[in-house]
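These notes are about the structure you will find just below.
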Amino acid sequence: MWNPIKDCGKQLNTGFRVRQVVQDRSEYTTEYIIKQVEFDQYELQLVSKLKDGTSVPADTAEVLVFSCSQLVGYAFEVWTAESK
């Protein structure tokens, strides 16, 4: 189940899946794997992109680095096996 990120230190770790859903005229979902965590820097590697539920080409070599406040501010969600 996808849960909003509120407390990075308690919710995130290397190998976890996170996603961002952006709604404009269409719905865009971008999913990442956390490759590395160092202090307040989360290195995310792109896994997939969807537009309105349809897969679109994604460069899986793309790596982005976000701070916890950016992950919260951009409304990222983390995948957990069960809801809390």
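In this text, all values refer to a predicted model and were calculated from it rather than measured experimentally.
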Do you reckon [X] sits in the same ILVMFWY cluster as [Y], going by side-chain contacts under 4.5 Å, direct or chained?
{"X": "Tyr74", "Y": "Val78", "answer": "yes"}
{"X": "Leu46", "Y": "Tyr42", "answer": "yes"}
{"X": "Phe16", "Y": "Val37", "answer": "yes"}
{"X": "Leu12", "Y": "Val72", "answer": "yes"}
{"X": "Ile34", "Y": "Trp2", "answer": "no"}

query: Do any N or O atoms from the side chain of Glu77 and from the backbone of Met1 form a donor-acceptor pair under 3.5 angstrom?
result: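 Checking the backbone N and O of Met1 against the side chain of Glu77, no donor-acceptor pair under 3.5 Å is found.
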message: Quick one: does any side-chain atom of Glu27 pair with a main-chain N or O of Gln23 as donor and acceptor, under 3.5 Å?
response: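 The answer is no, because no donor-acceptor pair under 3.5 Å joins these two groups.
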field: Evaluation steps, salt bridge (charged side-chain N to carboxylate O under 4.0 Å, His left out), between Lys35 and Glu43
entry: CA-CA 6 Å; Lys35 297 302 287 179; Glu43 184 178 292; over 6 Å; no
Going from [atom1] on [X] to [atom2] on [Y], what distance comes out if it is rounded to the nearest 0.5 angstrom?
{"X": "Ile5", "Y": "Arg19", "atom1": "CD1", "atom2": "CZ", "value": "11.0 Å"}
{"X": "Asp52", "Y": "Tyr28", "atom1": "CG", "atom2": "OH", "value": "7.0 Å"}
{"X": "Thr30", "Y": "Phe76", "atom1": "OG1", "atom2": "CZ", "value": "7.5 Å"}

Identify every side-chain donor-acceptor pair in residues 59-71 under 3.5 Å, counting partners at least two apart or on other chains, and give the distances.
| unit_1 | atom_1 | unit_2 | atom_2 | d |
| --- | --- | --- | --- | --- |
| Asp59 | OD1 | Ala61 | N | 3.0 |
| Ser67 | OG | Ser69 | OG | 3.1 |
| Ser67 | OG | Gln70 | N | 3.3 |
| Ser67 | OG | Gln70 | OE1 | 3.4 |
| Gln70 | OE1 | Ser67 | N | 2.8 |

query: Is there a side-chain contact between Val18 and Leu44 (heavy atoms, below 4.5 Å)?
result: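 The answer is yes; the side chains approach within 4.5 Å.
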